[in-house]
Peer 1: 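Let me give you the structure first, and then I'll get to my questions.
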Number of protein chains: 2
Amino acid sequence: MSNKTSPWSKDWYKEHDPIYIATDCIIFGFDEGILKLLVFKRRVEPQKGAYSLIGSFVKLNESVTDAAKRVLEEITGLKNVFMEELRTYNEVMRDPGYRCISIGQYALIRISDYDNELVEKHGAIWYPFNELPELVLDHDIMVKDALTRLRRKARYQPIGFELLPEKFTIPQLQNLYEAIYQKQMDSRNFRKKVLSFGVLIKLNEKDKLSSKKGAFLYKFDYDKYQQLVASGINFEV
Amino acid sequence: MSNKTSPWSKDWYKEHDPIYIATDCIIFGFDEGILKLLVFKRRVEPQKGAYSLIGSFVKLNESVTDAAKRVLEEITGLKNVFMEELRTYNEVMRDPGYRCISIGQYALIRISDYDNELVEKHGAIWYPFNELPELVLDHDIMVKDALTRLRRKARYQPIGFELLPEKFTIPQLQNLYEAIYQKQMDSRNFRKKVLSFGVLIKLNEKDKLSSKKGAFLYKFDYDKYQQLVASGINFEV
DNA sequence: CCAAAAGTGTTGAAATTACACCCATGT
DNA sequence: ACATGGGTGTAATTTCAACACTTTTGG
């Protein structure tokens with residue numbers, strides 16, 4: 001129990017059952033054309049050596065969102081990442097330690113930004129999505145759910161940008177979508193579609209890392225995007 | 001605290017903060033062309049007389065889903081209703097009684113089926129969606145969230161059928177969609193669309209309640225629907 | 001000069017929208 | 001006979017999917 005004084009004058013609900021609340025983060029990254037997930041190798045018993053998602057118990061005086069932000073910053077050094085609640089995992093016996101409900105949250109991070117030293121210090125590892133080890137408890141299910149959500153969400157909201165550096169090329173964006181949906185797309189149609197939304201700003205710079213010709217860099221126009229959303233636009237990719 | 005014996009040999013998480021968990025149900029019904037919500041007038045202090053959603057604390061030995069089913073059956077007499085988790089409401093100070101996280105769940109029920117006596121006995125009332133009174137705590141937000149979800153969900157999964165009687169007419173179905181989306185639709189296009197999915201079985205009976213000519217009754221083909229979903233079909237309405 | 005990735009348009013098919021009249025029947 | 005809601009088809013538009021070649025440049 002936190003040793004801060006409680007902001008409630010008394011506990012009106014004493015006759016009910018309190019339950020432990022945890023939050024587990026399904027953290028996606030995108031690097032070298034591969035979708036990756038940040039997992040964590042347990043260094044203490046029980047289940048030492050087993051892989052799990054990154055998570056934490058929720059404290060009495062913090063919201064679930066704050067708890068997730070806290071662990072995320074602790075391990076990656078990043079603030080202000082895109083994060084969204086997935087669902088609760090609330091089966092009575094899901095956790096052998098005690099009754100504990102976990103709230104899954106998935107996060108998208110720019111893999112170029114994170115603090116590698118911090119990540120290693122905490123025993124966290126970026127795993128290619130296709131080569132994930134088995135995870136503890138119901139964390140495998142959480143990962144599956146998160147991918148499903150990411151796929152659905154990316155269809156009608158341009159969240160893909162959260163996984164790319166601030167400046168990116170159209171082919172990079174296409175690679176990301178191909179990694180998310182695990183299928184090839186036609187480059188002409190893809191370009192046409194994403195440009196048609198009018199939320200990409202073409203820059204006067206080229207990225208020459210992946211080709212001799214070089215590809216123009218773009219950035220995402222958040223303001224324009226907000227306007228369009230407000231006006232009720234659809235963003236199916 | 002429930003006085004059953006705990007299925008856990010010991011509490012491994014003693015040093016963490018337990019929190020109360022509640023679940024609140026956003027219960028939609030459809031009656032006489034109007035989308036309705038089942039709300040509840042508090043008959044005890046605090047906030048006696050205020051309206052709230054129907055909810056319950058989650059017990060140590062029941063899942064959140066079970067808790068929601070329990071209150072739903074208690075109040076409507078119905079089992080096996082369509083219900084789905086919406087999201088958690090987890091702000092630290094959302095409940096002045098004590099730290100309590102609520103898990104919102106929305107349910108769709110056939111308004112023809114519920115047990116009216118039970119509903120009245122519990123002080124519950126069907127309110128037209130457009131005339132809802134103010135609700136306690138953050139329940140107004142839950143309702144708003146649930147409507148948003150219902151609208152999104154109804155676009156790609158035929159959950160509308162959950163709100164209609166087993167046998168229904170196409171005009172009834174259209175009325176429902178018009179109530180959900182608050183806009184008029186073209187009857188020819190609507191009919192074409194819903195029939196094109198091939199999940200409606202036309203019956204040899206007519207419903208004559210709303211017209212002299214009478215409209216053919218249909219029922220929903222759950223098996224066919226499952227097949228189509230398995231084969232990866234899209235159901236945008 | 002050549003390998004490798006970037007960039008660009010057109011065409012046919014399919015889906016979506018808009019739109020107006022006849023039908024059946026209870027009163 | 002008439003008012004009421006049920007039922008039907010077609011044409012115009014838009015969106016989507018398929019498809020291949022030219023450009024640039026570092027090595």
Side-chain angles (χ1 to χ4, degrees), chain A residues 30 32-34 154-156 158 164-165 167-179 181-219 228 231-237, chain B residues 30-34 154-156 158 164-165 167-179 181 183-219 228 231-237:
Chain A
F30 182 64
E32 296 173 348
I34 300 174
R155 288 189 68 82
Y156 61 87
L164 293 174
K167 299 174 181 181
F168 54 87
T169 67
I170 307 269
Q172 274 170 25
L173 186 60
Q174 181 173 348
N175 284 339
L176 170 59
Y177 272 84
E178 290 180 340
Y181 293 107
Q182 292 284 308
K183 71 169 188 189
Q184 297 296 108
M185 298 178 182
D186 179 276
S187 66
R188 284 163 292 191
N189 293 340
F190 183 83
R191 181 179 293 267
K192 218 182 302 172
K193 187 77 175 205
V194 298
L195 290 176
S196 74
F197 297 139
V199 294
L200 295 189
I201 301 169
K202 187 173 184 174
L203 304 176
N204 260 328
E205 305 168 63
K206 283 193 164 187
D207 171 83
K208 296 219 164 190
L209 293 177
S210 65
S211 83
K212 304 178 174 173
K213 184 178 179 180
F216 277 104
L217 288 162
Y218 288 77
K219 62 179 190 183
L228 290 173
S231 75
I233 283 262
N234 247 43
F235 276 93
E236 291 246 349
V237 179
Chain B
F30 181 65
D31 190 27
E32 296 173 348
I34 300 174
R155 289 189 68 81
Y156 60 88
L164 293 174
K167 299 174 180 181
F168 54 87
T169 68
I170 307 267
Q172 274 170 24
L173 185 60
Q174 180 173 348
N175 283 341
L176 171 58
Y177 273 85
E178 290 180 340
Y181 293 107
K183 70 170 187 188
Q184 297 298 105
M185 299 177 182
D186 180 276
S187 68
R188 283 163 294 191
N189 294 339
F190 183 84
R191 180 179 294 268
K192 216 184 304 173
K193 187 77 177 202
V194 299
L195 289 176
S196 73
F197 297 139
V199 294
L200 296 188
I201 301 170
K202 187 173 184 174
L203 304 175
N204 259 328
E205 305 168 62
K206 283 192 164 188
D207 171 85
K208 296 218 165 191
L209 293 177
S210 65
S211 83
K212 305 176 174 172
K213 183 179 178 180
F216 277 104
L217 288 162
Y218 288 78
K219 63 180 188 184
L228 290 173
S231 75
I233 282 264
N234 246 44
F235 276 92
E236 290 246 350
V237 179

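Here the structure is a predicted model, which is why all the values come from computation and not from measurement. Residue numbers begin at 1 in each chain, while the letters A, B, ... track the order of the sequences.
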Peer 1: What's the CG-P distance between B/Asp186 and D/dA12, to the nearest Å?
Peer 2: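 Value for this atom pair: 17 Å.
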
Peer 1: In whole angstrom, give the distance that lies between atom CE of A/Met185 and atom P of D/dA18.
Peer 2: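 Result: 12 Å.
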
Peer 1: Any chance the side chains of A/Gln182 and A/Glu178 put a donor and an acceptor closer than 3.5 Å?
Peer 2: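 Short answer, no.
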
Peer 1: Starting at NZ of B/Lys192 and ending at C1' of C/dC19, how long is that distance when rounded to a whole Å?
Peer 2: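 Atom NZ in B/Lys192 sits about 10 Å away from atom C1' in C/dC19.
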
Peer 1: Mapping B/Ser211 and A/Lys208 onto DNA chain D by nearest heavy atom, which one lands closer to the 5' end?
Peer 2: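 Checking each residue's closest nucleotide, the 5'-ward one belongs to B/Ser211.
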
Peer 1: Could you check if a side-chain atom of A/Gln172 sits within less than 4.5 angstrom of a side-chain atom of A/Ser210, using non-hydrogen atoms only?
Peer 2: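 Counting from C-beta outward, A/Gln172 and A/Ser210 never come under 4.5 Å.
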
Peer 1: Mind calculating the distance between CG (B/Leu195) and P (D/dG9) to the nearest angstrom?
Peer 2: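 That distance rounds to 12 Å.
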
Peer 1: Nearest whole angstrom, please: distance from the P of D/dG7 to the CG of B/Leu173.
Peer 2: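 Taking CG of B/Leu173 and P of D/dG7, I get 12 Å after rounding.
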
Peer 1: With the side chain of A/Asn189 defined as its heavy atoms from C-beta on, choose the nearest nucleotide among D/dA17, C/dA6, D/dG6.
Peer 2: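 Minimum distance to the A/Asn189 side chain belongs to D/dA17.
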
Peer 1: Given that B/Gly214 and A/Thr169 both sit by DNA chain C, which one's nearest nucleotide is further toward the 5' end?
Peer 2: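 On the 5' side of the pair lies A/Thr169.
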
Peer 1: For C/dT16, does either OP1 or OP2 sit under 4.0 Å from a side-chain N or O belonging to B/Lys193?
Peer 2: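 Yes, because at least one side-chain N or O of B/Lys193 sits under 4.0 Å from OP1 or OP2 of C/dT16.
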
Peer 1: Is the distance from OP1 or OP2 of D/dG6 to the nearest side-chain N or O of B/Lys212 less than 4.0 Å?
Peer 2: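 Checking B/Lys212 against D/dG6: no side-chain N or O falls below 4.0 Å of OP1 or OP2.
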
Peer 1: Between D/dG6 atom C1' and B/Leu209 atom CG, what is the distance in whole Å?
Peer 2: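 It works out to 14 Å between those atoms.
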
Peer 1: Whole Å only: how far is the CZ atom of B/Phe216 from the P atom of C/dA24?
Peer 2: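 Value for this atom pair: 10 Å.
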
Peer 1: Under the 3.5 Å rule, do the base of D/dT23 and the side chain of A/Lys213 count as making a donor-acceptor pair?
Peer 2: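 By the distance-only test, yes, there is a pair.
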
Peer 1: Working to the nearest 0.5 angstrom, can you tell me the gap between A/Arg155 CZ and B/Tyr156 OH?
Peer 2: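 The distance works out to 11.5 Å.
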
Peer 1: Starting at CZ of B/Phe190 and ending at C1' of D/dG6, how long is that distance when rounded to a whole Å?
Peer 2: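 The answer, rounded to whole Å, is 14 Å.
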
Peer 1: Verify the contact: side-chain N or O of B/Arg188 to OP1 or OP2 of D/dG7, cut-off strictly under 4.0 Å; return yes or no.
Peer 2: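 False: B/Arg188 side-chain N/O out of range (4.0 Å or more) of D/dG7 OP1/OP2.
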
Peer 1: If you round to the nearest 0.5 Å, how far is NZ of B/Lys192 from CD1 of B/Ile170?
Peer 2: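 One gets 13.5 Å once the value is rounded to the nearest 0.5 Å.
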
Peer 1: Both A/Ser187 and A/Lys206 contact DNA chain D. Taking the nearest nucleotide for each, which residue is further toward the 5' end?
Peer 2: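 With A/Ser187 and A/Lys206 compared, the 5'-side residue is A/Ser187.
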
Peer 1: Check this for me: does any side-chain nitrogen of one of B/Glu205 and B/Lys167 sit under 4.0 Å from a carboxylate oxygen of the other?
Peer 2: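 Salt bridge: yes.
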
